Amino acid sequence: MKLAQVIVDVPTMQTDVPFTYSIPQSLLDRIKPGMRVIVPFGNGGRKIQGFVIGFTDHSKYRLKPISAVMDLTPVVDDELLQLSKWLAKTTFSFRISCLQTMLPSVMKAKYAKRATLLKPINDPKVKQLFDHQASLTYRPNKLTPDQQALIYQLRQRGLIKVTYLVKNQARSEMVNAFTSRLPVARIKYLLKAISTRNVGQVTLLRFLLEHPTGTYKIAEVTKYRQHLSSSVINQAAKKGWLKKLKVRKYRNPYKQPVKKNHPFKLNSDQWHAVNQIDSSIVNDQFAVYLLEGVTGSGKTEVYLQAISKALQQGKTALMLVPEISLTPQMVTWVKGRFGDLVAILHSGLSSGEKYDEWQRIQSGNAKVVVGARSAIFAPLKNLGIIIMDEEHDTSYKQEDTPRYQTRSVAKWRGKYYHCPVVLGSATPSLESRARATKHVYHLLRLPHRINHQALPTVHIVDMRKEIMKHHGINYSSALLDAIKLRLKRHEQVVLMLNRRGYSNFVMCRNCGYVPKCPNCDISLTFHWHSHSLRCHYCGHEEPIPRTCPKCGSRKIRYLGTGTEQAELELKRFIPGIKIVRMDVDTTSRKGAHARLLHEFGSGYANVLLGTQMIAKGLDFPNVTLVGVLNADTSLMLPDFRSEERTFQLLTQVSGRAGRAKKKGEVFIQTFNPDNYAIRLAQQQNYERFYLIEMTRRHALNYPPYYYSVRLTASSKNRRLAIASMASIKQYLQTRLSPQTIILGPAPSAITRIKQRYYFQMVIKYKHEPNLQETLDYILNHYQIGVRNGLFISIDPNPVNFM
DNA sequence: AGCACGCCGACT
DNA sequence: GTCGGCGTGCTC
């Protein structure tokens, strides 16, 4: 007896195990592991989606049969099934959540219910709800309580039947196409027999003669062939000349053709790096390479040539980049080199486009994938290389469940396929660089810029002195002079406003009062457009108070530096200056990012002003000046990695200046001109920074000397949360070694969100072989009654401790 | 998650 | 008496 093991779409602790179902005879030969199925679940007749993960031949339960199979071929292959298991275990998340994050969002089922009247009912309320129809399809939570009650009553009285629907959103756009049915000899005969006045038919027959086999999209053929129209094709179909059918249309997110580019000649450092990586590809060897290259050292070319090697070997390649640097420029590079073999996955695509790109990968038509974080799950088979560009970037860590670190998943897949993983960065994370020192990773260095380009000159401007000079808060006179000089020379300027961990808020300059969210207890953010205060966590909005609610003073006003304010201020200092502003507000719309960059790249604007998002991957030859308006904000964060972040950001943004022939200049404005992170970023001295920072981390018992796990508990009941945390800490202390450090429990940085209280503990350890079991035990035993009790989440290796 | 079941108070 | 509120337990 063949029975299916199914992971059901119910993300809870109790249902996080395979459920066994019987397989109806009709599905027996179609059903395979990795397919999605629809199964009955529970005693209310509910139907839900599930994933078949395997088969078994016996079960102690009374089994229900699988209702339907949703896929023709498996959507998750054996490798990804195994990966989902590992991922669920190591990130303390549900198997179903892992499976779902590995797939395009459209493959997640949407649920609806349908109520069908068993006989006509003459109640006006019922008629209104059913819109005079016999059945109503609805989402329960979209109905008003009254409507829900009405349906409940009708059901109780046996007047309606309720069925459950599982909707598959994954749909491909289909277009009309045709294929020839005529043998060549017959076409030749017809061409002679038909009058040449039938222009359409003759043209069609000639087309069929040229293309005796194959399927052609009607829209495309009629567009490029004169005299050939859809009516001609329809007529021909009736005559039996050709067969009409539907084919999938791939929604291609990059319509404009890209210019082909060719491999560059490598310098000796690049050559050495490519050689090393290639040997791992050729020898089917898992190895992690850390490619440490200064900005402008030609890392991209190393990646491209390594990918090329993998393709030559008949393998596939996966290249990950931070979301923000997945710019049209980067896409042009890869598409230009590998053409239609490339699939792109990033958040700018519509869900339909993402699904189509996923299909191209799944079917084997795309062999090179470039994408942001979640692309690490791209269904490539026979991987030959995995590349992570800017490996230190924090966007590689998923911040909600499953809280995976892309680097770990990359290594897992690299081991599975016996292929190299290349981590590239100008400023590697200390974790990775330390592993290279210990020879766990192979260090490959590119210490020179290509074509012996000089590094830009970096000036540090002491803002403590500047603040006295004038009323502006964003621009030192040195930076303003430098900007004016570029305008005169018709060169361009990039200005960055460091907004990491920073928000614009309103403060009373008399008493220091800051308006906070009544639900979440965090500072409200000032919004220029709506002229109101908003909570970033829950969306609460309120007007700006005219007088301080605490002291009554009228000196309550907007404080801090936003990009809008920086833009206005610069326009005041330099009238007529053309600025392209890039921040969350201006880039939220689809395609806006590319449009703004194009606007700047075309030379229309003098200045590109933006937040961190401009620091990465941009390459404009006419930019000779980069200004960092406030280097400090990221230094102020209560986070042990703030120096590392600041160093990385400043180094990266400095690399934006002078990438072509013209020499670049950088101004870093700061209130902490002597800070080592700022000083060493000025010198672009990563190795020195690494040594100093490692000493500090060692002294303070921080990563990479220690591993860390953050445990967060939340509850509506504040005292319950505190008490549980205390008892969890006690339990941990009995189970873990005495050298392990437990910080907290302490209120989280966001103490309260949506009426729930958050508390956290951080476990710092060097060696804890039983940590996995210990934490599993805590999840199973302390998380009692998620609804009103305590909810626990665990984040292994959190990116920050806040 | 979402459903049924069961226990309790308050309504025609 | 029963309607409907919420707390609890279970789903192959």
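Note that the coordinates shown come from a computational prediction; the quantities given were computed from them, not determined experimentally. Naming: A, B, ... by sequence-line order, numbering from 1 per chain.
- One can place CD of Gln14(A) at 14 Å from P of dG2(B), the figure rounded to the nearest angstrom.
- Taking atom CZ of residue Arg155(A) and atom P of nucleotide dG2(B), one finds them 13 Å apart after rounding to whole Å.
- In the model, Tyr111(A) has a side-chain atom that pairs as donor or acceptor with a side-chain atom of Asp9(A) under 3.5 Å.
- Atom OH in Tyr61(A) sits about 11 Å away from atom P in dC10(C), given to the nearest Å.
- Side-chain contact of Asp77(A) with Gln362(A): a donor-acceptor pair under 3.5 Å is absent, judged by distance alone.
- Near-neighbour residues of DNA chain B inside residues 22-43 of chain A, defined by a heavy atom below 4.0 Å, number-ordered: Asn43(A).
- Aromatic ring pairs are classed by plane angle as parallel below 30°, tilted from 30° to 60° and perpendicular above 60°; the pair Phe41(A) and Phe19(A) is perpendicular.
- One finds a side-chain N or O of Lys113(A) lying less than 4.0 angstrom from the OP1 or OP2 phosphate oxygen of dC3(B).
- Salt bridge absent: Glu357(A) and Lys354(A) never bring a charged side-chain N and a carboxylate O closer than 4.0 Å.
- Side-chain contact, Ser84(A) with Arg95(A): a donor N or O sits under 3.5 Å from an acceptor N or O.
- Between Ile151(A) atom CD1 and dG4(C) atom C1' there is a gap of 17 Å when expressed in whole angstrom units.
- Comparing dG4(C), dC12(C), dA1(B) by their closest approach to the side chain of Val10(A) singles out dA1(B).
- Atom pair Gln148(A):CD and dG5(C):C1' shows a separation of 14 Å (rounding to whole Å applied).
- Between Ile48(A) atom CD1 and dC3(B) atom P the separation is 11 Å, expressed in whole Å.
- Proximity of Gln153(A) to the phosphate of dG4(C): a side-chain N or O atom is located under 4.0 Å from OP1 or OP2.
- Between Tyr152(A) atom OH and dC6(C) atom P the separation is 13 Å, expressed in whole Å.
- Between the side chain of Tyr396(A) and the backbone N or O of Tyr404(A), no donor-acceptor pair lies under 3.5 Å.
- Within the 4.0 angstrom heavy-atom criterion, no nucleotide atom of any strand lies near Ser59(A).
- Comparing dC3(B), dT11(C), dC12(C) against the side chain of Tyr164(A) picks out dC3(B) as the nearest.
- Taking the ring centre of Phe55(A) as origin, the terminal cationic atom of Lys2(A) falls inside the region bounded by 6.0 Å and 45° from the ring axis.
- Rounded to an integer number of Å, the gap from CG of Asp16(A) to C1' of dA1(B) is 14 Å.
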